[in-house]
Visitor: 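One structure, pasted below without further comment.
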Amino acid sequence: MTFCNVVWALNVVVSKLAVDDLGAPPLFYALLRSVLVALALFPMLKPVPKDLWKVLLVGLAISGGSFSLLFMGLQTASPSATGVVSLTGAPMTVLFAIIFLGERIRWRRGLGIALAFGGVFFAIAGDSHMDASVGLLLVFLAAVVGALGAVFVKRLELPSINLQAWAAVASIAVLIPLSAVLESGQMSAFDDAPLELLACVLFAGIVVSVGAHTAYFRLLQQHDANQIVPLTLMTPILTIAFGAWLTGDAIGGRLLVGGAIALVGVAIIVLRPSATFTRRFLVRSRF
């Protein structure tokens with residue numbers, strides 16, 4: 001779990017470097033990541049699942065859809081603020097479960113949802129982060145799309161590794177035309193820093209999506225979810241730390257206090273039992 005948390009947190013920083021410092025178009029960067037995942041997991045495409053269109057839609061939400069929005073947001077948003085805003089994924093998952101799965105919550109998880117949203121709003125309301133409001137809005141939309149996909153994963157009878165393979169295929173099919181129409185200079189980014197950008201893509205596709213994902217779900221098979229899922233709360237803390245260390249993010253008191261409040265809210269959500277979906281779905285969107 002330490003490996004998974006470190007990799008997930010570093011992924012935000014690495015992606016920031018790819019789409020901002022190295023100038024990779026975000027949709028194209030998400031496309032390259034999906035291509036690598038599809039190649040690595042190609043054997044997992046068999047057998048073809050039933051209700052394939054549902055698998056592709058859900059896969060697009062938890063993969064290319066949410067990652068594209070995240071990468072677009074990282075063009076202007078800092079990794080630290082992104083880590084805090086991404087905490088909204090857990091309360092959004094619960095809210096969508098209420099709407100679509102008939103999930104019922106009591107006052108403790110209701111308090112957790114309120115704390116999570118309130119803490120995030122408090123953290124980003126300062127002047128230093130409101131300057132990147134468009135980027136943070138895209139990060140929030142990425143959390144919304146990922147949470148929506150995570151809820152509907154519950155209705156799919158498909159192993160997680162097979163779902164990830166089909167998610168990569170769905171993402172490729174959508175991102176190729178989107179990147180071609182909406183972006184330019186896809187290959188010129190490789191002219192300036194080919195090895196650095198290639199390293200970012202390999203990290204995002206192989207280390208994060210295949211390596212950490214596989215490790216995480218293997219741990220869930222071997223241990224109770226009550227032990228594993230709460231440990232994922234280290235990811236936003238590490239994201240803030242890595243953002244300050246590697247990209248020089250300005251970490252003010254407002255971000256720390258708001259992030260701490262949001263983290264408490266997410267902890268309440270994760271630790272309270274759910275009647276309709278297991279805790280592992282609360283963190284699925286970061287894969």
Side-chain angles (χ1 to χ4, degrees), residues 1-12 14-15 29-68 70-71 86 89-90 93 142-143 145-175 200-232 235 270 274 277-287:
M1 277 310 304
T2 299
F3 164 77
C4 291
N5 281 308
V6 169
V7 166
W8 290 332
L10 280 176
N11 185 45
V12 178
V14 170
S15 299
Y29 182 68
L31 171 62
L32 293 179
R33 170 199 163 274
S34 297
V35 169
L36 277 182
V37 173
L39 291 174
L41 300 180
F42 184 77
M44 300 296 105
L45 294 174
K46 295 183 178 180
V48 177
K50 63 179 181 179
D51 295 327
L52 179 59
W53 69 273
K54 293 182 180 179
V55 172
L56 294 176
L57 283 176
V58 172
L60 178 63
I62 65 174
S63 183
S66 57
F67 274 111
S68 295
L70 174 65
F71 297 154
S86 296
T93 302
V145 171
L148 188 61
V151 168
F152 283 99
V153 164
K154 175 67 177 177
R155 298 184 175 181
L156 300 178
E157 297 180 1
L158 189 68
S160 60
I161 196 72
N162 299 77
L163 174 60
Q164 192 175 12
W166 283 104
V169 171
S171 301
I172 292 170
V174 172
L175 291 174
C200 291
V201 174
L202 288 172
F203 181 81
I206 303 302
V207 179
V208 179
S209 293
V210 177
H213 177 96
T214 303
Y216 174 71
F217 276 93
R218 181 162 295 182
L219 286 170
L220 283 173
Q221 291 174 344
Q222 296 173 349
H223 304 278
D224 190 278
N226 294 345
Q227 295 177 301
I228 299 301
V229 177
L231 296 177
T232 65
T235 297
V270 169
S274 172
F277 61 96
T278 57
R279 291 174 175 84
R280 66 190 179 98
F281 293 106
L282 294 172
V283 294
R284 179 182 290 274
S285 59
R286 70 163 53 100
F287 304 138

Visitor: Do W166 and V58 have side-chain heavy atoms sitting under 4.5 Å apart?
Guide: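 Result no, sub-4.5 Å side-chain heavy-atom pair not found.
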Visitor: Answer yes or no: is there a side-chain heavy-atom contact under 4.5 Å between V270 and T232?
Guide: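 The answer is no, as the side chains (C-beta and beyond) never meet within the 4.5 Å cut-off.
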Visitor: Between Q164 and V210, which heavy-atom pair has the shortest distance, and what is it?
Guide: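 Residues Q164 and V210, closest heavy atoms: NE2-N, 4.1 Å.
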Visitor: Can you tell me how far apart CZ (F67) and OG (S171) are? Round to the nearest 0.5 Å.
Guide: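 Answer for the CZ-OG pair, F67 versus S171, is 9.0 Å.
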Visitor: Counting only heavy atoms not in E157 (residues, nucleotides, ligands), do more than 12 fall under 6.0 Å from its CD?
Guide: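 For E157, atom CD is not crowded (no more than 12 foreign heavy atoms under 6.0 Å).
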Visitor: Return the minimal non-hydrogen interatomic distance between C4 and A215, and the atom names on each side.
Guide: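 Distance-wise, the nearest heavy atoms are SG-CB, 3.9 Å.
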Visitor: What distance do M44 atom CE and L41 atom CG have between them, rounded to the nearest 0.5 Å?
Guide: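 Those atoms lie 7.0 Å apart.
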Visitor: Would you confirm whether S66, through its side chain, and A61, through its main-chain N or O, come within 3.5 Å as a donor-acceptor pair?
Guide: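 Answer holds: yes.
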Visitor: Once you round to the nearest 0.5 Å, how far does OG1 of T214 lie from CG of L219?
Guide: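 Rounded to the nearest 0.5 Å, the OG1-CG separation comes out at 11.0 Å.
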Visitor: Within a radius of less than 6.0 Å around CZ of F3, do more than 12 heavy atoms belonging to other residues, nucleotides or ligands occur?
Guide: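 Counting neighbours around CZ of F3, more than 12 heavy atoms of other residues, nucleotides or ligands fall under 6.0 Å, so yes.
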Visitor: L175 and L31: which non-hydrogen atoms are nearest, and at how many Å?
Guide: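 Closest pair (atom of L175, atom of L31, distance): CD1-N, 3.7 Å.
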Visitor: Quick check: does any side chain N or O of N11 sit under 3.5 Å from a backbone N or O of A204, one acting as donor and the other as acceptor?
Guide: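 Side chain of N11 to backbone of A204, a donor-acceptor pair under 3.5 Å: no, none is there.
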Visitor: Quick check on side chain to side chain contact (heavy atoms under 4.5 Å, CB included): which of L36, V208, V207 does L202 satisfy it with?
Guide: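 It is L36; the other options fail the test.
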Visitor: Determine, stepwise, if the pair Y29 / C200 fulfils side chain to side chain contact (heavy atoms under 4.5 Å, CB included).
Guide: CA-CA 9 Å; Y29 182 68; C200 291; 3.7 Å; yes
Visitor: So which atom in A170 and which in L56 form the shortest heavy-atom distance, rounded to 0.1 Å?
Guide: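 Minimum heavy-atom separation between A170 and L56: CB-O, 3.4 Å.
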Visitor: Report the distance from atom CG of L158 to atom NZ of K50, rounding to the nearest 0.5 Å.
Guide: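 Here the interatomic distance stands at 10.5 Å.
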Visitor: Determine the minimum heavy-atom distance between I62 and G146, stating which atoms define it.
Guide: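 Minimum heavy-atom separation between I62 and G146: CG2-O, 4.0 Å.
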Visitor: Please report the shortest heavy-atom distance between A143 and S86, naming the atom on each side.
Guide: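 So the two residues come closest at CB-O, 4.5 Å.
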Visitor: Which value, rounded to the nearest 0.5 Å, describes the distance between L231 atom CG and T2 atom OG1?
Guide: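 These two atoms lie 8.0 Å from each other.
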Visitor: Going through the distances and angles, do V7 and F203 end up as a side chain to side chain contact (heavy atoms under 4.5 Å, CB included)?
Guide: CA-CA 9 Å; V7 166; F203 181 81; 4.2 Å; yes
